[in-house]
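See structure below.
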Amino acid sequence: MRTSRTDRPTLPRLLLPIWAYPLVGVGAVLIALLPWIRTGLRLPLQNLWATQTLPEDMPIVLLPLSQYYLGTILALLVTAGLVGGIVARAAPPTHRALSGGFTVAGAFLAMTFVCVQSALVLAEGLRTDETASTYLTLVVAWTVLCSLGGLLIMALVTRAPRAGATVAVALAAPAVGTWAKALLAPSPSLASPAVQTVIDYLHWLPAVLVGVVLAWCGVRTSGRIAAWVMSLVLLWVLPAVLTAITYVAGFRAAESLLESIGAGLDVLALALAPSIAGPPVLVAFAIGALGSVLIWALLFTRARAADRRLHEAAHDQG
């Protein structure tokens with residue numbers, strides 16, 4: 001662990017050849033796709049599929065385009081952005097513009113390829129009526145938005161000051177938690193009791209991730225204090241919003257759009273309740289505060305030791 005000019009820990013420096021950073025972006029996308037690769041890459045069954053097909057006979061796709069997999073799509077693409085951004089930020093500051101730009105370019109090409117391949121396969125198999133066309137448009141639009149979100153997070157983590165990078169990590173944290181659960185158990189209902197227990201503990205992963213990045217950020221400036229506040233608010237709100245969106249997308253009992261929206265708002269209000277959303281925020285705050293104190297104590301001890309060595313050297317010369 002290194003320290004910056006502001007005496008905060010920095011990532012270990014890792015300068016790769018410039019040509020390698022597009023491969024970092026592509027590699028980040030491949031790493032993010034691991035949970036879906038584990039399932040076999042079969043397109044989920046579709047309500048609007050043109051012919052009756054068994055699950056094992058569905059075509060191969062690189063993204064699970066389905067209204068029941070909106071949270072998974074978001075998790076895969078946002079996690080790619082965070083992984084690539086962390087590697088690119090490890091470059092020295094003077095090289096970070098190039099490392100970030102080339103990493104984002106590689107990730108953009110990879111995300112474009114997986115989105116287009118999946119969309120073409122889905123479009124080929126769906127019915128040709130208006131309902132199927134609307135469904136295809138909405139699912140593809142969600143996938144494009146998730147891709148843009150992943151690229152934005154990658155750029156912020158790479159290039160933004162600490163406050164901005166901290167907020168970017170907080171934006172990605174809930175998606176990373178979903179990604180980790182999917183990687184551990186692609187089919188949670190078939191997981192063993194031991195795996196189910198681990199999945200329950202992964203509920204705290206976003207809070208731990210946010211707490212660690214808050215400790216790394218520190219509170220030296222007003223911007224960093226604002227980043228603390230915004231990160232904790234995002235940790236409170238984003239999981240609830242994603243839960244509501246996923247619920248509405250898979251809510252088939254509704255007779256109208258208004259009924260679906262009403263049900264989603266009910267779920268959102270429940271997920272935002274302090275008893276549900278509050279504990280992860282408290283855990284993140286505690287980890288961030290404790291980490292900041294430990295870092296301050298370590299740096300203070302190092303500074304005292306350095307002063308002592310300088311004093312002893314001056315005394316010896318005298």
Side-chain angles (χ1 to χ4, degrees), residues 1-4 8-39 41 61-64 72-118 143-184 205-206 208-210 212-213 216-217 231:
M1 186 71 71
R2 298 162 59 93
T3 57
S4 68
R8 300 297 300 174
T10 66
L11 291 173
R13 294 296 179 226
L14 175 64
L15 179 60
L16 301 174
I18 292 301
W19 58 262
Y21 284 103
L23 300 181
V24 170
V26 174
V29 174
L30 291 176
I31 291 173
L33 290 177
L34 287 177
W36 179 234
I37 294 173
R38 282 198 62 192
T39 68
L41 300 177
V61 290
L62 298 176
L63 283 175
T72 301
I73 294 171
L74 178 68
L76 298 178
L77 296 172
V78 168
T79 299
L82 182 60
V83 171
I86 290 174
V87 176
R89 190 179 182 93
T94 55
H95 295 79
R96 209 168 282 163
L98 286 176
S99 69
F102 280 103
T103 302
V104 170
F108 172 77
L109 293 176
M111 289 183 183
T112 300
F113 178 78
V114 300
C115 291
V116 170
Q117 186 273 342
S118 303
T143 304
V144 171
L145 288 175
C146 293
S147 299
L148 294 176
L151 293 173
L152 176 62
I153 287 173
M154 183 180 293
L156 287 175
V157 171
T158 303
R159 298 292 309 280
R162 291 205 178 205
T166 297
V167 173
V169 174
L171 280 168
V176 173
T178 301
W179 180 88
K181 293 177 183 178
L183 179 64
L184 183 63
L205 178 59
V208 173
L209 184 59
V210 171
V212 170
V213 78
W216 171 77
C217 178
S231 297

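Computed from heavy atoms alone, side chains included, the values below leave out hydrogens, waters and symmetry copies.
The distance from the CG atom of Leu171 to the OG1 atom of Thr166 is 11.0 Å, given to the nearest 0.5 Å. Here the straight-line distance linking atom CG of Leu209 with atom CG of Leu205 works out to 6.5 Å at 0.5 Å rounding. To the nearest 0.5 Å, the span separating OG1 on Thr103 from CG on Leu151 amounts to 11.0 Å. If you take CG on Leu34 and OG1 on Thr79, they are separated by 10.5 Å, rounding to the nearest 0.5 Å. Between atom CE of residue Met111 and atom CG of residue Leu63 there is a gap of 9.5 Å, rounded to the nearest 0.5 Å.
Shown here for Ala75 and Ala175, the closest heavy-atom pair between the two residues is CB-O, 3.3 Å. In plain terms, the two heavy atoms of Gly177 and Pro206 that are nearest each other are CA-CG, 4.1 Å. Summarising the geometry of Val210 relative to Ala170, their closest heavy-atom pair is CG2-CA, 4.0 Å, with the distance given to 0.1 Å. Nearest heavy atoms, Ala107 versus Met154: CB-CE, 3.5 Å. Residue Tyr21 comes nearest to Ala91 through the heavy atom pair OH-CB, 3.6 Å, listed as atom of the first residue, atom of the second, then distance. In this structure, Leu77 and Cys146 approach most closely via the heavy-atom pair CD1-CB, 3.6 Å.
In this structure a side-chain-to-backbone donor-acceptor pair under 3.5 Å is missing from Arg89 to Arg96. With hydrogens and angles ignored, the 3.5 Å screen pairs no side-chain donor or acceptor of Trp179 with any backbone N or O of Pro35.
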Pair Val26-Leu109, side-chain contact (heavy atoms from CB on, under 4.5 Å): steps then yes or no:
CA-CA 8 Å; Val26 174; Leu109 293 176; 5.7 Å; no
Determine, step by step, whether Val61 and Leu41 satisfy the side-chain contact (heavy atoms from CB on, under 4.5 Å) criterion, reporting the C-alpha distance in whole Å, the side-chain angles of both residues, the deciding distance to 0.1 Å, and the verdict.
CA-CA 6 Å; Val61 290; Leu41 300 177; 5.9 Å; no
Thr178 vs Leu74, test: side-chain contact (heavy atoms from CB on, under 4.5 Å). Steps then yes/no.
CA-CA 9 Å; Thr178 301; Leu74 178 68; over 6 Å; no
Let me see the working for Leu152 and Leu156 under side-chain contact (heavy atoms from CB on, under 4.5 Å), right down to the final yes or no.
CA-CA 6 Å; Leu152 176 62; Leu156 287 175; 4.1 Å; yes
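With contacts defined as side-chain heavy-atom distances shorter than 4.5 Å, the pair Val78/Val176 does not qualify.
Considering Ile73, Thr143, Leu62 as possible partners of Ser118, the one that fulfils the side chain to side chain contact (heavy atoms under 4.5 Å, CB included) test is Leu62. Residue Trp36 forms a side chain to side chain contact (heavy atoms under 4.5 Å, CB included) with just one option from Val114, Leu76, Leu183, and that option is Leu76.
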